[in-house]
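Below: one structure, written as structure tokens.
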Amino acid sequence: MLATSLRSDPCGLLRLEDVGRTVQLGGWVHRSRDLGGLVFIDLRDRTGLVQLACGPAWSAAETLRLAAAVGVESVVLCEGEVVAREADRVNPEMATGAVEIRVTALTVVGPAVTPALPVARGRGEKMAAEELRLRHRYLDLRRPELQDNLVLRHRLLQVTRRYLSDRGYLELETPILTKPTPEGARDYLVPSRVHPGEFYALPQSPQIYKQLFMCCGFDRYFQVARCFRDEDLRADRQPEFTQIDIEASFVEREDILALAEGLLGALWTEAGHAIPAHFDRMSYADAMEFYGCDRPDLRYGLRLRDYSSIFAGLDFAVTRSALDAGARVRGMVVPGGAAWSRKQVDELEALAKSAGAGGLLRLRHADGAYDGPLAKFLTDDARAAFGLADGDLALFVAAPDRIASPALDRVRQECARRLELIDERQQCFLVVMDFPMFEQDHVTGALTAVHHPFTAPHPADMQSFPDAPARWRALAYDVVLNGTELGGGSIRISDPAMQSRMFSLLGIGDVADQERRFGFLLEGLRAGAPPHGGIAFGFDRIAMLLSGAPSLRDVIAFPKTTAARSLFEGAPVAVPIEDLEALHLAVTGPLA
RNA sequence: GGGGGCGUAGCUCAGUUUGGUUAGAGCACUCGACUGUCACUCGAGAGGUCGCGGGUUCGAGCCCCGUCGCUCCCGCCA
């Protein structure tokens, strides 16, 4: 299949059954060994390595000379016969190790300068620094590890397209030059040449366009969508990233979730993993109550509990004042945690404090005795109620949930890490749903959308609490794997009046303002909108997880650094002043 | 915007604790030897703005100040 005019076979697929064939190969010199009379070259292409053997019995003197002189990473074409190696010359570590090519002709078609960083590494030899790998990306991408990652990425994309297309989903494209959105992340802006002072934005997601597709009657849509967000980076966050974006009409939440389960099943299967056909569901409220976060890692227990009623019976000042202030005392039991030193538990407390908690209360039960600041306040009833086994350590935070939950979440994760409770082979998929519709600033009381402003609230909540939107839950859902969010979505608002009310609740009360910012969505909804909803998956993150790569940069061909630069091609750059003038722009500040 | 780590030969690193002769090693590179290697082996050689700028000192890779780059985390990411 990979044969061309210049080559008959790829290097890495030659086997014993090819013995006797005359082949033409093309590839990169991975390594070479010049033994004087004999020269061996490991020739590499994206399928793997094969050994070329050059010797006076079958190679011309000029061929031998060329083979001895060619530098690593040069591109050569060669012709030769596939021969079986003698038993003691077989290399069991090579896929092609049972054969070699007796070279009869060799041409160096792409001589290479000495590479700035090694492509072929010795066993145990470290990789070059990432900065250099990014600067010389053309070399780094030659490494089999990165080639494998990008090949897997390709396969995952093909599976995605086949899976969705087979189910009637249409792959439709949306603009890259779009309208700036006032909410959410910072936009990348693109100045308009023909309209002085006006700007396009690169899309943060195709959200509004895909809802409009639903209004148009394209009732099943998907897109492998490039999205852009001008925010600071992380190992798992790039300014430009790829989403699998999905939307469908005449659906309810479970329709979308069933599709999500099927698609992720197909992707994980492609990467060689078996996963359950159905994911567990958990409410946001339960996730926060029992795990302290909205994307719990269920590979281990250490569930949180509310210990308020026990502490209510204890005359302990710290918890007393918290309870009196309306807060709760929540915590967890860590089996075996009593063996930790004072210093180790102090480190846990530091974690809790860094997450905003005032402290981390501890109660040790070891050698039949209880100790910790609480110990002398314990009643017999309380002792029994805590239910600590010998060797257990109980940890508590007495604070409002918005402080205690994130603090206990971090403590829980660190305890699991220390106790090595995490089975890396386990894949715990989970759907978290019934998110609150709004997040309320606990000082100003202002509402912001937890998901986005197009998400439909739970009808039951609107009925039960018509005047208390802060209590509404949203028809939103996230798919979580082992504590990582893979994707999320919602049932959308399809009633234009409701959408308008939603904007008002979010502080865009002025109708003219709503029309100016979101008129193109409202018009679409008014023109007859079906009930619809969807989901979007972070494709780079999925490719990272399935390839086992430690960073998003290892599954993206040309990624940005944490300062949002491309070291390879060198972007961004200053541009000539005439170019700015054509765009009606002037740069201010120290570089102007 | 804030905090931590790193920056010495083309690459990976040692040297910085306690300032002191000419800054070292492995790999890669160049030259030479070698007919069964597969991280070939052996011999020789070349290769340095110790990220950059300033300061302290008789003397700075090492100490101080600043700055740049990469990276991890917090903020941020509807």
Side-chain angles (χ1 to χ4, degrees), chain A residues 30-43 49-59 64 68-69 71-73 83 85-94 96-97 100 102 112-136 139-140 181-187 204-205 207-208 227-239 241 351 354-356 406 410 435 437-439 447-455 474 476 485 488 490 502-503 506-508 536 538 550-551 553 559-565 567:
Chain A
H30 191 66
R31 245 194 280 274
S32 65
R33 295 171 291 280
D34 178 359
L35 274 61
L38 291 175
V39 180
F40 297 98
I41 290 175
D42 292 338
L43 194 65
L49 295 172
V50 70
Q51 174 166 279
L52 308 183
C54 305
W58 59 86
S59 311
L64 262 176
V72 292
E73 295 310 317
V83 299
R85 299 201 201 178
E86 288 172 28
D88 59 337
R89 295 176 187 169
V90 167
N91 184 347
E93 289 176 22
M94 262 177 125
T96 60
E100 67 186 11
R102 290 206 166 161
V113 297
T114 302
L117 49 89
V119 175
R121 274 178 304 143
R123 267 190 280 279
E125 188 180 335
K126 285 187 182 175
M127 271 189 291
E130 187 155 20
E131 181 176 358
L132 293 160
R133 292 175 45 207
L134 292 171
R135 183 154 285 140
H136 305 287
L139 287 172
D140 199 34
T181 52
E183 301 195 30
R186 229 184 322 262
D187 285 319
Q204 296 182 29
S205 91
Q207 179 62 33
I208 292 179
C227 303
F228 307 85
R229 293 179 188 174
D230 187 5
E231 297 292 347
D232 287 347
L233 281 69
R234 290 282 190 284
D236 61 353
R237 223 155 68 192
Q238 283 273 308
F241 60 100
L351 263 185
S354 74
R410 293 186 66 164
F435 281 79
M437 187 70 224
F438 302 102
E439 198 169 13
L447 299 178
T448 51
V450 167
H451 190 54
H452 56 55
F454 320 112
T455 299
E485 183 193 328
S490 62
M502 184 59 60
F503 290 139
L506 291 168
I508 315 172
S551 159
R553 295 183 293 272
K560 305 284 189 286
T561 68
T562 52
R565 273 188 189 284
L567 296 182

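Nothing here was measured: the structure is a model prediction, and the numbers come from that model. Throughout, a chain's letter reflects where its sequence line sits, starting with A, and its residues are numbered from 1.
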Considering only nitrogen or oxygen atoms on both sides, find all protein atoms under 3.5 Å from nucleotides 44-48 of chain B and state each distance.
none

(request) Please identify each residue that fulfils side chain to side chain contact (heavy atoms under 4.5 Å, CB included) with Arg121(A), with sequence neighbours left out. (result) Glu125(A), Met127(A), Arg143(A), Glu145(A)
(request) Kindly write out the residues that satisfy salt bridge (Lys or Arg N to Asp or Glu O under 4.0 Å) with Glu130(A), not counting sequence neighbours, or none if the list is empty. (result) Arg553(A)
(request) Could you pull out all residues at least two apart from Arg234(A) that satisfy side-chain hydrogen bond (donor to acceptor under 3.5 Å, both in side chains)? (result) none
(request) Using side chain to side chain contact (heavy atoms under 4.5 Å, CB included) as the criterion, list what pairs up with Pro406(A), not counting sequence neighbours. (result) none
(request) List in chain and number order the residues that pass side chain to side chain contact (heavy atoms under 4.5 Å, CB included) with Val90(A), two or more places apart in sequence or in another chain; answer none if no residue qualifies. (result) Arg85(A)
Under 3.5 Å between N/O atoms: give me all the protein pairs with nucleotides 1-9 of chain B, atom names plus distance.
residue, atom, partner, partner atom, Å
rG1(B), O6, Asp232(A), OD2, 3.4

(request) State which residues pass side-chain hydrogen bond (donor to acceptor under 3.5 Å, both in side chains) with Glu231(A); sequence neighbours excluded, sorted by chain then number. (result) Arg186(A)
(message) Does this structure show an ion pair linking Arg33(A) with Asp42(A), if we count only N-O contacts that are shorter than 4.0 Å?
(response) yes
(request) Would you please confirm or rule out a distance under 4.0 Å between OP1 or OP2 of rC70(B) and any side-chain N or O of Thr561(A)? (result) yes
(request) Return the set of residues passing ring pair (Phe, Tyr, Trp, His ring centres under 6.0 Å) with Phe435(A) (not counting sequence neighbours), or none when no residue passes. (result) Tyr284(A)
Filtered N/O pairs between nucleotides 10-12 of chain B and protein, under 3.5 Å:
residue, atom, partner, partner atom, Å
rG10(B), O2', Ala116(A), O, 2.4
rU12(B), OP1, Ala129(A), N, 2.6

(request) Please identify each residue that fulfils salt bridge (Lys or Arg N to Asp or Glu O under 4.0 Å) with Arg89(A), with sequence neighbours left out. (result) Glu86(A)
(request) Could you measure between the two P atoms, the one in rU8(B) and the one in rG19(B), and give it in whole Å? (result) 23 Å
(message) Can you measure Leu134(A) atom CG to rC70(B) atom P for me and round it to whole angstrom units?
(response) 9 Å
(request) Quick one: label Glu73(A) by what it contacts on the DNA or RNA (base, sugar-phosphate, nothing), any heavy atom closer than 4.0 Å. (result) nothing
(request) Can you sort out the partners of Phe40(A) under ring pair (Phe, Tyr, Trp, His ring centres under 6.0 Å), two or more places apart, ordered by chain and number? (result) none
